[in-house]
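We number each residue from 1, following the sequence as shown.
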Amino acid sequence: MRAALARPALLALLASGALLALPSAARAVPELISRDAPELPALEVTLEPCPAELRARPAYGYVICELRNPEPRRHRVELELSVLSRRWPGRGGRLQTGAPFAASQTVELAPGARARAILPIWLQEEGYGELRVQCDGTSWGSTYLRVEGRSRGGGPELEVLVAGQPAAQSARAWEWALADTIARAIGEPGGRRSRGSSPAPRVQFRAPAELPELWSELTAFDLVVADGSLGALPPRAQQLLADYAAGGGVLLVLEPELVGEGAVRELVRGEAAARGGGAGAAPPVPAATGGRHGLGRWAAVAAPIAELARREPPAQLAQLLEAASTPWFERLPAPLRTPVAVPGVGEVPVRLFVGLIVLFAALAGPVNFLYWRRRARPLVPLLLGPVAGLALTGAIALWGVLGEGVGIKAASMSVTWLDQRSHRAVQLASQTLFAGLSPGALRPAAGTCVLPAPEQSSPPRLHFELEAGRRLGGELVPARTERTLVTVSVAGARERLRFRRAGEGGWRLLGDPALRPAGGAGALVLRDLEGRWFVLGEGEQLEPLGETQAAEAVRALCGALATGFVQARAPLAARSRFQGEWLEAAPPGGAGPVLAAGPHRELLRGWLLGLLGESGELPPGTYLLRVEQPPALDRMGLEVEERLGVHLVAGRLGAEDFVE
């Protein structure tokens, strides 16, 4: 009898452990979703998380849902993935709830057909999730997911995605070779992992068909690898990986000559051509190369992973793995992912408000009572007082609505990396929106990653409606509440600046209406192909600069962005402290407070110059420009009144952009 009872209990324990345990294999084990009742359709639905262990942090991952219809009739299957993150109890002991997330998609299944749905998942904090399945409008089944907290300790505990599918017997060897390579690159004693050393990377292999459509759904991975020895990648997959790197990711390309034609191959070829000194026949790819691409980094090594594990890794690979140790969201500079305030909204005139309340209390209280008492109607104040209170409340509410309006106001700051050679733009923007009425669903562009700033106290609810063209629903921008959204956009761009030769060695700006300089003189700093420095003067004429003056001009433009970061805050005293930094009030006639110590300015300056090169200054053939309107700012389908905007463009020019 005991054996009969122990066997089901043991099976139940093993089944629950298989769901919640961290898988050690290179590929996650798919889970079969059970049905609620036997009379439901005999669908087959399996769920495969990616990353398999759902490590929580501010980034996007994805899960794969496989469906099969063995029946001879058509079915309409509705999938809804929801995740509720959980925070630890605060001082009061109450369990705080983080930002909920949901993604829904509808799939039509023909008789005997198979389908694959790739659902995004926002990993923010640890919690629980559920995938609910409805078939023809009836609840069919569900399964639960566990989202675990991400370890923030030191060491290379990296989430790695490999775009390729090795043979089953070689997947484990590939994973251990990567672990040994990381150990050598970060200088771990002995070069090989042993007991007690830092955890091995968590590797997921995905065939090209199992990759998501959007690059933003790869940001949950610290490192993405394209290994040419695992097979050539189609152009769609290569563009996805290149956009992931441009959006702030870290991309490693192994044996690039075998990757095939596409954006990744062109990225490696372009760097090789630049190092080789020009265009023409494609130069041979060096044994190791790499650099910056948009907001992220990449490296290419012409060797298999097994060889890298046995020898000293190149410097480019070591730099890449060091960059991968920082989570994606934390690679973005803090001033551009911190909430700012929209000028002119949410400001209460305290003196006027207190005076109005005191006056109302006097009129509705003793004055009202004495007036009606003299007229022998002492019961009238009992009715008149509440009516007057409701009227005053309505008047204040109406005054607030009319004063702040029913439209959408914004305070935004952005930096755009514009590559005029490849016609690609990468933009990092922080937008604080205030809506008089909730705009409802937003429609971000396909190349835009949207994340609420994590410092906000009231988390929004994100809901991706995939069948509606990835419409972002939920109360992302609630009515009469400031909401800061951090967006990273990767898209094609036709905007460009051009320069015409003027006089002896000078240049004249041939402006683009979409890149109109803001602020007049000093809004543009150019370094031409010969390495000479110029600054925008009066009109469209560029004036030459010395190296010292050029460095100050670049600091001034970066300081404009840093000043915009604090300018939207409440008025400052003569000296006040904001986020660990001393600020000074604006001088007479100034536009706003300025940074006294300037750490933000120097941080932004180093980050901006890093977008364009590794030298710490503007490399030849680049410019830095402050614009009125950025070229690729995604407003997500909203009509917005911008009350504060500081926008910089860091651009790379081609030889055709200089007209003789």
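Considering D419, D512, D657 in turn, D657 is the only one that fulfils the salt bridge (Lys or Arg N to Asp or Glu O under 4.0 Å) rule with R496. With Q431 as the fixed residue, the side-chain hydrogen bond (donor to acceptor under 3.5 Å, both in side chains) test singles out one of E642, R635, R483: R635. Partner of L524 under the side-chain contact (heavy atoms from CB on, under 4.5 Å) criterion, out of V535, L624, L536: L536 alone.
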Check your understanding: Should V477 and I408 be marked as a side-chain contact (heavy atoms from CB on, under 4.5 Å) after you check the CA-CA gap, both sets of side-chain angles, and the distance that decides it?
Key -> CA-CA 10 Å; V477 183; I408 303 176; 5.5 Å; no
Practice item. Step by step, work out the side-chain contact (heavy atoms from CB on, under 4.5 Å) result for M636 and R443. Key: CA-CA 5 Å; M636 293 166 284; R443 295 186 179 275; 5.8 Å; no
- Would L211 and R236 count as a side-chain contact (heavy atoms from CB on, under 4.5 Å) if you check the C-alpha gap in whole Å, the side-chain angles of each, and the deciding distance to 0.1 Å? CA-CA 10 Å; L211 296 175; R236 186 196 77 85; 3.9 Å; yes
### Query
Do V649 and L497 pass the side-chain contact (heavy atoms from CB on, under 4.5 Å) test, and can you show the C-alpha distance, the side-chain angles, and the key distance before you say yes or no?
CA-CA 11 Å; V649 176; L497 289 185; over 6 Å; no
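Between E148 and R55, at least one side-chain nitrogen of the basic residue sits less than 4.0 Å from a carboxylate oxygen of the acidic one, meeting the salt-bridge criterion. Salt-bridge check for R643 with E482: failed, with every basic side-chain N at 4.0 Å or more from each acidic carboxylate O.
Of the possible polar contacts, one joining the W215 side chain to the G447 backbone as a donor-acceptor pair under 3.5 Å is found. Not a single donor-acceptor pair under 3.5 Å links the side chain of R626 to the backbone N or O of L557. Between the side chain of R527 and the main chain of L618, a donor-acceptor pair closer than 3.5 Å is present. Between the side chain of E213 and the backbone N or O of A446, no donor-acceptor pair lies under 3.5 Å. For Q420 (side chain) and L653 (main-chain N/O), no donor-acceptor pair under 3.5 Å exists by modelled atom type.
Side-chain contact between Y244 and H293 is absent, with no heavy-atom pair separated by less than 4.5 Å. Here the side chains of D222 and V250 are not in contact, with every heavy-atom distance at 4.5 Å or above. Using a 4.5 Å cut-off on side-chain heavy atoms (C-beta onward), Q124 and V83 make no contact.
For A445 against D634, the heavy-atom pair with the smallest separation is N-OD2, 2.8 Å. Of all the heavy atoms in R470 and P444, the pair that sits closest is O-CD, 4.1 Å. Across all their heavy atoms, P120 and A103 have their closest contact at O-CB, 3.7 Å.
Separation of atoms CD (Q134) and CG (L79) is listed at 10.0 Å; rounding is to 0.5 Å.
Side-chain contact of H647 with T416: a donor-acceptor pair under 3.5 Å is absent, judged by distance alone.
Ring orientation note: the planes of W122 and Y60 are tilted relative to one another, at an angle of 30° to 60°.
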